[in-house]
Structure formats: C-alpha cells, structure tokens
Enquirer: 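Got a structure here, written out as structure tokens. Questions coming.
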Amino acid sequence: MIAMEVLFVLFALAALTGAVLMIAVRNPVHSVLFMLLTFVNVAAMFVLLNAYFVAVIQVLVYTGAILVLFLFVVMLLGQQRRPVPEVVRSVQAPVAILVGLALVVEVVGVVVASAVTAGHKGHDTPQAIAAAGGNVQALGQQLYTTWLLPFEVASVLLLVAAVGAVFLAKEEI
Amino acid sequence: MAEFFITLIKIIVLFGGVLTVMAYLTYFERKVVARMQSRIGPNRTGPIGLMQPLADGLKLLTKEPFVPRRADKVVFLLAPVLAFIPALLTWAVVPFGPDFTVLGRKISMVVADVNVALIYMLAMSSVGVYGIIMAGWGSNNKYAVMGALRSSAQVISYEVALGLSLIGTIMIAGSLNLGDIIHAQQGTYVGFVPRWNVIPQIVGFTLFLTSAIAETNRAPFDLPEAESELVAGYHVEYSGFGFAMFFLAEYINMLTVSAVASVAFLGGWLGPAIPFVPAPINGVVWMLLKMSIFIFFYFWLRSTLPRFRYDQLMSLCWKVMLPLALLNILVTGIVKLFV
C-alpha cells in the first residue's frame, strides 16, 4: 500500500510541475507539451484509483485528440512574437489575480467539503463495481439509467457546437 | 512476490520478442518487395542475407547523431522516444495464447489482463502521434513540418474510423477485454466455418484494415513521408539512432495493428489443434500465423498500389468510411437486439 502512496506522490508532483511550467514557459509549443505531461499523469492517477476506463478515455480523448489539435493550431500560427499591449497588461493582471483567487477558494472548499463525507462516497463501491462486471459496464449502466437525460443533453450540446463550427468555417454551404 | 517475477519474465520475453520480430520484419519486407519486383533482395550478409537486420542496426548505432543548429534541441531529441515508447506499451495487453498451468500456478499469456484493453491500444496509438509532431516542429525544417502536419491530421481522422470499426466486435463480445473478444469467437457456423468476427463484421473488418494502414502511415497512405514531394517527411533531419527509433516505432505499430486485427476479427489464438503440439504453443503458432498474413498484406499493398493524393485520403475517411462505420454499428446493434 505504501508503494501506491509513493506512486501517487510521484504522479501528483509530475502533474503539478507540468501545470506550473505550462503557464510559466514562453514558447506556446512547450506549453502544450507540458500540458501533455500533466494530462498523462492525471491518467496515471486514475489508474491508481482503479478507474481504468476513465484513465484510458483521458488519454484517448484529451491527450490523443484535443491536445493534438491544440498543438496543430499553435504550430500553424507560427511564432510571431508581438509585444503585449500596455492596456491588456494593466487590465489583465488584476483580473487574473481575482479569478485565480476565486478558483483557489473553490478548490479548497471542495476539498474541505469532500473530506467531511470521506468514507461513504455513494453506492458505487469497488465491490458494487466488481459485481456489475467491471468499470465499463458499471459506468455504462449509470450513464444510460440514472444520468440518461444529462448524458443526452450533453451530446446534443456537442452536436450543436459541431454544426456551429462547420457553419462558421464554411463560407457557403 | 512470485506474481511480480512472473510479470517481469513476461515483460522481458515480450520485449525481446517484439524487437527481434520487428528487426526481421524489415528483412521480410525487403525480400517480399524484391520478389514482387523481380529482384533478389538482401542476400550478402550471412546465409540468404539473414544477418542483414543486425548489420543495419549496427550501422545505425554507429552513425553520428546530428542535431540541426536551429532546432529545438530538447523537443528534437525527445520526439523519437515519444514515438517509440507508446508503440511498445501497446503490447502489454495483447494475448498470445490460452491460459496454462505450470507447477499448479495459472499463467496467462498477456502481461496486463485489463478490462479496457481494446481502447487502451487505441489510446496508445493516438499518443504515438506526438513523436511525429514534435519531430516535425523540433527539426525547424519546412518539409518536416509539412510531414508532421499531414500526419497529425491523418492520424486523428483515421483514429475515429479505426475506433468505430472495432465497435461491432466489442458489441458481439460484450466486453473490451481482448481475451473475452477471442472467447466470443469460439465454435463454428454450420459445422466447419470458424465463428470468427470477420464473417458477421466483414464491413468492420474492411474499414479496420483500411484505416489501420492510414493510422500506421504505410503505403498507399504514407503521405507524411511521401519521398517525391516531402523528401522524407517528419524524420528528414534525423540520423543514426533517432532515425532508427522512428523506424522501429513504425514497424512495431504495424505488428500491433496486425495483432489487433487477428484478435478482433480472426479469432486470435483460436485454431485447430496441431498434432503433437501442446495447447499453449498451438495458440501462439496460430496467433503468429494470422499476424503474418496481415504483415504480408501490408508489403503486398506497398508494392502494388500508388500513393493517394492528400485530399482524396481525407475525404475518403470523413465522407465514406465514417458513415459506413456508423451504419455498421447500427446494423450490428439491431441484429444483436432482435435476432
């Protein structure tokens, strides 16, 4: 069990390092690559939690598709280094600090709130998941019974976004 | 602790096996293509040229690793590693034969028997594209960037078709575990035709084969490295072992795709018993035979078909293969529900 904790610390440190460097480095391509580091380590943490399906989807969708598109866009835009206008800098810094602080408060709040309920986290215990036939089956059951409506609404939302993107990209249809 | 050592032995055997087979794949390819072009192929190094892969490897190892002056050094050096490692990681979930018992201990012929094996393989193949993009961008060379851009667009597009073409087989087995997918193909139709997925999933099989060739950047879909227009594509600036690692990754990916095709559509290690051969080895022999059919198919295509044009390749994926794959899923679902 100690091995698990050591691994968790390693992955967490790597994920945090990636996240910090992502915003710290100047080169946008390097930023995306550090984001890749963070995503892969988050996937590794899902594996430590026995959530194989979520881990694999994290790698397949986020690192394998979305981040590749990011990299694509950053590479196509090239590296024109324009100086940041003074107005942007003077407005951006206070707003960024404010939003950052709000995020910290939220994250701390969630951590504190979930610590209170630790030990009874709903009915999807490891035993229940094993009885349902594994991660994939358990998640599928949940998605198509309890969470059917949110699931379908989310898919319609994605469809709308896809149609909108095609409409914006095509000049004449 | 015993479990740990068994897994360690499996990893070492697999690692050595994959790398050896991969090395001889180059020899096999050169021989097959030579035969199809009425040549002899490598025959100078060792008996009938069998030492050629070793000589090639040594040659690549002793070459100077050259980094272009304006290149992004870290990205440039990291790229071949990121192409190579995901290619190898995929092999952790490939089953080579039925479980067997040694000294009262049940041993399965797969390193990690996870229940999401099939999408794990897809995920790893999608991560492999980073090696290509980083190589293209890190080299600071316009041909390399063009090759990398083409490759990433191609791989992302065909990954969708690849995943969707496999869903039919997942629906038949009701599981993402490769062992379960193989077990679902046991038995026969009308007494002698094996119950392999290739028969009910012939559409899925065709789509899988086509998109797999695009996904591994092989001819006739090898546009990322089209010699005649891009010199060599994303690895134009690499020499020595950096180049060798891209080469290794490409051939290992071909092996992987052949393994997935054998497992998902041709019943994996299932096959009639060979006389005087114990069951586990029998399974391994069938698995390797089926894989070599696909490998041969790759080489056959390469020496037969001319290269596609890039826009043809993309519209084939989005306008033909994706709708067909979705239709295949729909029909499979209806058949599974009502028949």
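By convention in this document, chain letters (A, B, ...) are assigned in the order of the sequence lines, proteins followed by strands, and residues within each chain are numbered from 1.
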Enquirer: To the nearest 0.5 Å, what is the distance between CG (Leu36(A)) and CG (Leu82(B))?
Expert: 7.0 Å
Enquirer: Rounded to the nearest 0.5 Å, how far apart are CE of Met124(B) and OG1 of Thr63(A)?
Expert: 7.5 Å
Enquirer: Pick one of side chain, backbone, both or neither for Leu122(B), based on which atoms fall under 4.5 Å of a heavy atom in chain A.
Expert: both
Enquirer: Compare all side-chain heavy atoms of His30(A) with those of Asp72(B) and state whether any distance is below 4.5 angstrom.
Expert: yes
Enquirer: At a heavy-atom separation under 4.5 Å, does Val160(B) approach chain A through its side chain, its backbone, both, or neither?
Expert: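 Answer is neither: Val160(B) stays 4.5 Å or more from chain A.
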Enquirer: Side chain from CB out, backbone as N, CA, C, O: work out which of these in Asn177(B) comes under 4.5 Å of a heavy atom of chain A, or both, or neither.
Expert: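 Neither part; nothing is under 4.5 Å.
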Enquirer: Taking atom NZ of Lys73(B) as the centre, report whether more than 12 heavy atoms of other residues, nucleotides or ligands fall under 6.0 Å from it.
Expert: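 Not more than 12 within 6.0 Å, no.
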Enquirer: Grab the two heavy atoms, one from Gly64(A) and one from Ser126(B), that are nearest each other, plus how far apart they are.
Expert: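 Between these two residues, the closest heavy atoms are CA-OG, 3.5 Å.
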Enquirer: Based on non-hydrogen pairs under 4.5 Å, which of Val129(B), Leu149(B), Val155(B) is most in contact with chain A?
Expert: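 Most pairs with chain A among the choices: Leu149(B).
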Enquirer: Is there a side-chain contact between Leu176(B) and Phe53(A) in this structure, where contact means two heavy atoms from C-beta onward sitting under 4.5 Å apart?
Expert: yes
Enquirer: What part of Leu67(A) gets closer than 4.5 Å to chain B, counting heavy atoms only: side chain, backbone, both or neither?
Expert: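 For Leu67(A), the contact with chain B is made by backbone and side chain together.
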Enquirer: Check each atom of Ile119(B) against the heavy atoms of chain A and say whether the ones under 4.5 Å are side chain, backbone, both or neither.
Expert: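 Ile119(B) touches chain A through backbone and side-chain heavy atoms alike.
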Enquirer: Look up atom CG in Leu71(A) and atom CE in Met134(B), then write down how far apart they are to the nearest 0.5 Å.
Expert: 8.5 Å
Enquirer: State which residue, out of Asn27(A), Leu33(A), Val29(A), fulfils the side chain to side chain contact (heavy atoms under 4.5 Å, CB included) condition with Val75(B).
Expert: Leu33(A)
Enquirer: Kindly give the heavy-atom pair with the smallest separation between Ile156(B) and Ala65(A), and that separation in Å.
Expert: CD1-O, 4.4 Å
